[in-house]
Protein chains: 2
Amino acid sequence: MDQLDDLKITQPPQTLREIVLDRMRNAILSGRFASGERLVERTLCDQLGVSRSVVREAIRYLEAEGLVEIMPNKGPMVARMDWAQAEQIYEIRQLLEQNAAAACAIKADASLKQKLTAATKAIEAASAAHENPALIAATTEFYELIFTAAGHHIAWEVVQRLNGRISRLRLLTLATTDRRVPGPLRMAQICAAICANDPDAAAQAVFDHLEEATKIARRLLKETA
Amino acid sequence: MDQLDDLKITQPPQTLREIVLDRMRNAILSGRFASGERLVERTLCDQLGVSRSVVREAIRYLEAEGLVEIMPNKGPMVARMDWAQAEQIYEIRQLLEQNAAAACAIKADASLKQKLTAATKAIEAASAAHENPALIAATTEFYELIFTAAGHHIAWEVVQRLNGRISRLRLLTLATTDRRVPGPLRMAQICAAICANDPDAAAQAVFDHLEEATKIARRLLKETA
DNA sequence: TGCGATCCTATGGTATACCAACATACCATT
DNA sequence: AATGGTATGTTGGTATACCATAGGATCGCA
């Protein structure tokens, strides 16, 4: 099977539109395009070296994702976010992530526990090295393991999309070092609860983690606003 | 927010793209475009009397919404759905709708209670008249009241989008008449719990309602599959 | 000098034509 | 009959043209 996969003409059917979509999404998520910044179509065409059709279709997708807003007669801009929205998103994450962690704790087998432990270590490493992009990636990986193991693929989709809307906040909260209990420790608690096949403890650990993240986010957003 | 929309000078800056988007979405949700049916761009252009640009951009949006899938080198088709997905969607709805109903029950004031009661009556009327489209609309209105009153706008967005994916299923479950406890009665229970400002009872009522809907959906989907 | 009308430009919205890549089905030759 | 080529249909991608509108700059008039 593996050999076959290797033989396969791994021609990435990645279309130009998808590349542009990724680039633009990353530019927004990473803050390269500031919140509220206007996205002038023809300018983007020049920057990306593609035609308007491609850019416009990518914008439609981002609009549906909630990352881009269309101002009537003005064109697209990077979506803005306020605390009222962020709060709701954190609340939804609470529900979905607790649910997933609990389900995962019930189903977790040896293989998953091993992977989850590795992911936790990766988070600790990235955190210790203060490498924020790696930290984001490792945290995402951690949660993806949990949601996938729980079989909650659609919930994971939802969470990812919502996270996109608060990406800047996540960057800030993850980078915050003045937490009383460091973030990686929280992850370790979640990991431990799942490894112990204890759904209640897993849900509680997720609750603690998100509760803290919510508080930090609230403080950061309120003071910058 | 809603009031503002109502006040707004309803000069429809509704762009052609939005019209096409609505039409296509409705066509999919209502089953006019069958699940798995291919959506040939140029054919759609003819049917709708618009150019490819418009259709393509609408398709991008629907793709992001999860209503349309793109098959590489084959083009778009109406997204398919299986029970595994539907089950997850019902589970997410359980979480979000219980949460919203509980929050709504805490906040509910006289004005909301009155509106909610009216919405419940509308559901009963539509159900008695066996008018499914009206029933769907009334049910949507009912839930929108709850989510809006709870301030859970983003959760409502999520629920609506997820409901879009299981629209055909909803049509079937709502139309099903062989439920032991009729759907409208369930709605009345939810309404009563909220009017009594009893969050626990509201959550329980939502649970009962969705649990039943889930069972019906499972049976329908499994037997037609 | 101040105000308003008018024109210009930038931008988005839409339509259309064109080409390349790919898949599929059909057909012809061997 | 099997192979290979061909025709067709579809999408992906691009370029371009045209129009409508918003916002600003300019100009003229009071």
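Sequence lines set the chain letters: A, B, ... in the order given, protein chains first and strands last, and positions in each chain run from 1. Just so it is clear, the values below take in all heavy atoms, side chains as well, and ignore hydrogens, waters and symmetry mates.
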Sugar-phosphate, base or nothing in reach of A/Ile19, heavy atoms under 4.0 Å: nothing
Which pairs, protein N/O on one side and nucleotides 14-17 of chain C N/O on the other, fall under 3.5 Å?
| from | atom 1 | to | atom 2 | distance (Å) |
| --- | --- | --- | --- | --- |
| C/dT14 | OP1 | B/Thr15 | OG1 | 2.9 |
| C/dT14 | OP1 | B/Leu16 | N | 2.6 |
| C/dT14 | OP2 | B/Thr15 | OG1 | 3.1 |
| C/dA15 | OP2 | B/Ser51 | N | 3.0 |
| C/dA15 | OP2 | B/Ser51 | OG | 3.1 |
| C/dA15 | N7 | B/Ser53 | OG | 3.2 |

5'-most by nearest nucleotide on DNA chain D - A/Arg42 or A/Lys74: A/Arg42
Counting only pairs under 3.5 Å, give me each side-chain donor-acceptor contact of residues 19-31 of chain B, with atom names and distances, residues two or more places apart or in other chains.
| from | atom 1 | to | atom 2 | distance (Å) |
| --- | --- | --- | --- | --- |
| B/Asp22 | OD1 | B/Arg25 | NH1 | 3.0 |
| B/Arg25 | NE | B/Glu65 | OE1 | 3.2 |
| B/Arg25 | NE | B/Glu65 | OE2 | 3.4 |
| B/Arg25 | NH2 | B/Glu65 | OE2 | 3.0 |
| B/Asn26 | ND2 | B/Asp22 | O | 3.3 |
| B/Ser30 | OG | B/Asn26 | O | 2.8 |
| B/Ser30 | OG | B/Ala27 | O | 3.4 |
| B/Ser30 | OG | B/Arg32 | N | 3.4 |

Residues that B/Glu69 engages under side chain to side chain donor-acceptor pair (under 3.5 Å), provided they are two or more places apart: none
Side-chain polar contacts of residues 135-142 of chain A - donor-acceptor pairs under 3.5 angstrom, sequence neighbours left out - could you list them?
| from | atom 1 | to | atom 2 | distance (Å) |
| --- | --- | --- | --- | --- |
| A/Thr139 | OG1 | A/Leu135 | O | 2.7 |
| A/Thr140 | OG1 | A/Ile136 | O | 2.8 |

Salt-bridge contact B/Arg60-B/Glu63 (side-chain N to carboxylate O under 4.0 Å): yes
Nearest-angstrom distance from the residue atom CZ of B/Arg38 to C1' of D/dT10: 7 Å
Residue pairs involving residues 70-87 of chain B (criterion salt bridge (Lys or Arg N to Asp or Glu O under 4.0 Å); sequence neighbours excluded): none
Nearest-Å distance for atom pair CG/P, residues A/Leu39 and C/dA10: 19 Å
Plane angle bin for B/Tyr143 and B/His209 - parallel if under 30°, tilted between 30 and 60°, otherwise perpendicular: parallel
Whole-Å gap separating C1' (C/dG12) and CD1 (A/Ile70): 10 Å
Difference in axis direction between the ends of the helix from C/dT1-D/dA30 to C/dT30-D/dA1, five pairs, 10°: 20°
Qualifying residues under salt bridge (Lys or Arg N to Asp or Glu O under 4.0 Å), relative to B/Arg38, sequence neighbours excluded: none
Separation of C/dA10 P from A/Leu44 CG (nearest whole Å): 17 Å
With sequence neighbours excluded, residues passing side chain to side chain donor-acceptor pair (under 3.5 Å) with A/Arg93: A/Glu97, A/Asn163
Atom-to-atom span, CD of A/Glu69 to C1' of C/dG12 - whole angstrom: 17 Å
Length of the CE-C1' vector between B/Met77 and D/dT10, whole Å: 16 Å
Salt bridge (Lys or Arg N to Asp or Glu O under 4.0 Å) partners for B/Arg165, two or more places apart: A/Glu157
